[in-house]
Amino acid sequence: DTGVSQDPRHKITKRGQNVTFRCDPISEHNRLYWYRQTLGQGPEFLTYFQNEAQLEKSRLLSDRFSAERPKGSFSTLEIQRTEQGDSAMYLCASSLHGTSGTGELFFGEGSRLTVL
Amino acid sequence: DAKTTQPPSMDCAEGRAANLPCNHSTISGNEYVYWYRQIHSQGPQYIIHGLKNNETNEMASLIITEDRKSSTLILPHATLRDTAVYYCIVRPITGGGNKLTFGTGTQLKVEL
């Protein structure tokens with residue numbers, strides 16, 4: 001199954017450290033999305049890419065957060081100087097935008113971050 | 001994007017139909033209704049979507065009222081594996097990057 005894969009699945013870090021998450025989308029999908037989800041809440045949109053271009057960023061994405069998709073394939077989400085409030089599940093999704101498909105988003109299983 | 005309102009939780013007996021309601025009274029003519037679900041510790045999964053007409057697929061049926069201000073997701077024969085949080089989302093047909101704006105959803109618990 002070549003669905004959306006995320007790595008690592010779990011990350012525990014100390015406050016102030018930097019962390020990076022990787023997302024590999026479904027291979028033919030041109031759009032890639034990052035979401036954050038805290039306990040008891042629905043996923044919150046952070047940012048999305050079309051190919052390598054970052055087209056929208058939520059105001060939730062503070063300047064400590066940076067996302068890249070350098071070759072329009074995999075993406076990374078880096079959090080610098082982590083804070084305890086960054087503890088959450090970080091979800092990646094991809095979709096095929098254009099001539100076919102329903103435009104539905106396919107989600108990975110997420111990367112759970114715990115900041116101590 | 002239009003806001004949706006869902007009950008926070010529902011219970012259903014296994015084998016019975018689960019009917020999950022959603023209000024979207026401010027929906028505009030260029031917005032779809034989408035349903036996703038999220039099983040514990042997994043990412044959200046697409047179920048179904050519709051614009052005006054009722055829709056059915058192998059997972060569920062979607063009934064949209066004629067005024068489009070509410071909809072119901074129907075799981076015809078719920079199983080224990082259908083226990084999940086179900087999200088009703090309205091999304092523009094074009095624009096907005098196809099992104100989804102999730103609420104808090106309905107926690108469906110299917111019991112024996």
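Only a predicted model underlies this, so the values are computations on that prediction, with no experimental measurement involved. Convention: sequence-line order gives letters A, B, ...; per-chain numbering from 1.
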Aromatic A/Phe45 / basic B/Lys99 pairing, under 6.0 angstrom, 45° off normal: yes
What part of [X] is in contact with chain B, defined as an atom under 4.5 angstrom from a non-hydrogen atom: side chain, backbone, both or neither?
X: A/Phe106; result: neither
X: A/Gln6; result: neither
X: A/Leu91; result: side chain

Can you tell me if [X] and [Y] form a side-chain donor-acceptor pair at under 3.5 Å?
X: A/Arg64; Y: A/Gln80; result: no
X: A/Thr38; Y: A/Gln41; result: no
X: B/Thr65; Y: B/Asp67; result: yes

Classify the ring geometry of B/Tyr46 against B/His49: parallel below 30°, tilted from 30° to 60°, perpendicular beyond 60°. tilted
Heavy-atom cut-off 4.5 Å, strictly under: side chain, backbone, both or neither for B/Gln38 against chain A? side chain
For B/Tyr36, is it the side chain, the backbone, both or neither that has a heavy atom under 4.5 Å from a heavy atom of chain A? side chain
